[in-house]
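Throughout, numbering of the chain's residues begins at 1 and tracks the sequence. Here the structure is a predicted model, which means the values were calculated and not measured.
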Amino acid sequence: MSSPLRIALLLNPFTLTRQSGDHAPELARELAEQGHVARVFGGAGPRDAAARTSAHESDSLGPRRFAPDAILAYDALSPAAWLGARTARALAIPLVLVEAGSRSDKGVFSRACLAVGERLWGPYVRRTAAALVALDPVARARALIGGFPEERVIVMPPGVDPDVYRPGLSSALVQRHGLSGRILLYVGKVERGRGLDTLVQAFARALGQRDDWSLVIAGEGGARAELRAAIDRLGIGARVRWLGRVPEEELPGLFSVSTLLAVPALDDAVRGRNVARAMACGLPVIASDRPSLRALVEPDASGLLVPSGDVVAWTEALRRAAMSPDARRRWGRRGRDIAERRLSWSHVARTFESLIQSARGTAVAAVPDEATAGALNPERV
């Protein structure tokens, strides 16, 4: 590794929990493990107490006094991106943006934030950023529409910890809920628009009359009663198990003991975080052929991609997977290999390090006549 870097990660408080999740604290932790000094500004920071006392701790004095060698700012039109651009120009250091993309552009608040960001500092941030890391192809498309040069935009999915999510784990949920046989697993919200109606219809046609398969639904949501009624009408109530919301610490074991993961998304609101986790556990994936999921699942290599909302296609995919244990084992091995080589947090951190190193020495310095230079005090944001 080259000389250690001081890296400031700036979070957008408006979208952190909805979009970027734990990307910043996990990336900061991995950067620190690789010898850098990484500090998170503007958010809660790492989840565990040990990490909060390490190099990732939040700093109320502001990123400029941290004297970073580079800045990573989350969400390209956010106040965090503006602060990152101001600080990067003042210190003549690289700015790398991380774009999760909005789950939905329909909300008034979401549209208002984007409009304000574009009007007040969008061009300024675009001129300053050395690179933009999109967390999936949907975020990449948004960045290109927003005017970021294609050569500066790369897709790098969020990481997964292959030491936590790994094959061979056991799960207390199996005994607690009396699960047996092969498990077709769904993990996520139980809401309209998630494709669950397609999934239960396909399961009923392909596997619902087989005693050796169960559809296990791990999640809660407002469509549960409606979905339960549909399951009863299809006559598969005995083959469907409801786990409710599963605590995150129990997910590795649940993925590890399951047979297939189903992700029947109808749109790009589902970003595939659990796909990467499942693959790390050696669990093959059947997912809708959406851009955010297509970037993770290799067809007939780590799983299958199926047209969204197509009950016939989903039925055929489930039948094919159920009848092909050798294919499932092959898909699981390939998924684990992808997770270790391309999706691990260590690989993600090395990619960010490479971007920063290549951008050093080409950072944009501040100039006196910038219209936004004195608009806000960056140390107060």
Side-chain angles (χ1 to χ4, degrees), residues 101-106 134-142 145 155 157 182-210 213-219 221 223 226-227 230-231 233-234 236 239-240 255 258-279 283-325 327-328 330-332 334-335 338 343:
S102 176
R103 290 179 183 270
S104 173
D105 295 331
K106 297 179 181 178
L135 299 188
D136 62 30
V138 177
R140 178 182 182 274
R142 155 161 290 186
I145 291 172
V155 176
R182 296 173 178 84
I183 294 173
L184 174 63
L185 177 66
Y186 169 84
V187 179
K189 295 180 180 179
V190 182
E191 296 177 348
R192 290 184 177 181
R194 294 282 171 155
L196 283 166
D197 53 342
T198 300
L199 179 61
V200 298
Q201 290 182 64
F203 178 80
R205 295 182 183 187
L207 304 172
Q209 305 308 314
R210 293 180 52 167
W213 279 88
S214 296
L215 172 59
V216 174
I217 299 175
E226 179 182 335
L227 186 63
I231 288 169
R233 286 194 302 271
L234 291 166
I236 57 171
R239 308 307 321 151
V240 179
F255 286 133
S258 295
T259 310
L260 291 167
L261 177 72
V263 189
L266 296 181
D267 57 31
D268 293 314
V270 177
R271 292 301 179 85
R273 184 184 186 193
N274 284 323
V275 171
R277 292 169 162 180
M279 289 166 57
L283 177 61
V285 179
I286 301 180
S288 292
D289 192 4
R290 305 294 308 178
S292 57
L293 304 175
R294 197 182 305 141
L296 296 169
V297 180
E298 294 182 356
D300 203 26
S302 62
L304 297 174
L305 291 173
V306 189
S308 299
D310 188 330
V311 175
V312 174
W314 271 88
T315 301
E316 178 57 32
L318 292 181
R319 283 178 178 154
R320 177 184 173 189
M323 294 172 62
S324 307
R328 295 199 304 268
R330 174 168 52 83
W331 296 341
R334 176 58 178 164
I338 292 171
L343 301 178

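A search for side chain to side chain donor-acceptor pair (under 3.5 Å) contacts involving R210 returns D212, not counting sequence neighbours. Under the rule for a side chain to side chain donor-acceptor pair (under 3.5 Å), R233 has no partner lying at least two apart in sequence or in another chain. Looking at residues two or more places apart in sequence or on another chain, you find a side chain to side chain contact (heavy atoms under 4.5 Å, CB included) between D289 and R294, L305. Residues forming a salt bridge (Lys or Arg N to Asp or Glu O under 4.0 Å) with R328 (at least two apart in sequence, or on another chain): none. Partners of R205 under the side chain to side chain donor-acceptor pair (under 3.5 Å) rule, at least two apart in sequence or in another chain, do not exist in this structure. Applying the salt bridge (Lys or Arg N to Asp or Glu O under 4.0 Å) test to R319 and every residue at least two apart in sequence or in another chain returns nothing. Residues satisfying the side chain to side chain donor-acceptor pair (under 3.5 Å) criterion with S214, sequence neighbours excluded, are R239. Every residue two or more places apart in sequence or in another chain that forms a salt bridge (Lys or Arg N to Asp or Glu O under 4.0 Å) with E298 is listed here: R334, R342. Checked against side chain to side chain contact (heavy atoms under 4.5 Å, CB included), A295 has the following partners two or more places apart in sequence or in another chain: P137. For R320, the salt bridge (Lys or Arg N to Asp or Glu O under 4.0 Å) criterion is met by D300, not counting sequence neighbours.
Shortest non-hydrogen contact noted between Y186 and L199 is CB-CD2, 4.1 Å.
To the nearest 0.5 Å, the span separating CG on D268 from CG on L293 amounts to 7.5 Å. Rounding to the nearest 0.5 Å places CD of Q201 at 9.5 Å from CD1 of I236. Separation of atoms CG (L135) and OG (S292) is listed at 11.5 Å; rounding is to 0.5 Å.
Sorted by first and then second residue, the salt bridge (Lys or Arg N to Asp or Glu O under 4.0 Å) pairs with a member in residues 195-204 form an empty list; sequence neighbours excluded. Residue pairs that meet the side-chain hydrogen bond (donor to acceptor under 3.5 Å, both in side chains) test with at least one member in residues 308-317, sequence neighbours left out, do not exist here.
Of the candidates L296, V306, V285, I286, V263 forms a side chain to side chain contact (heavy atoms under 4.5 Å, CB included) with just one, namely V285.
Within the 4.5 Å cutoff, no side-chain heavy atoms of L215 are placed close to those of L207.
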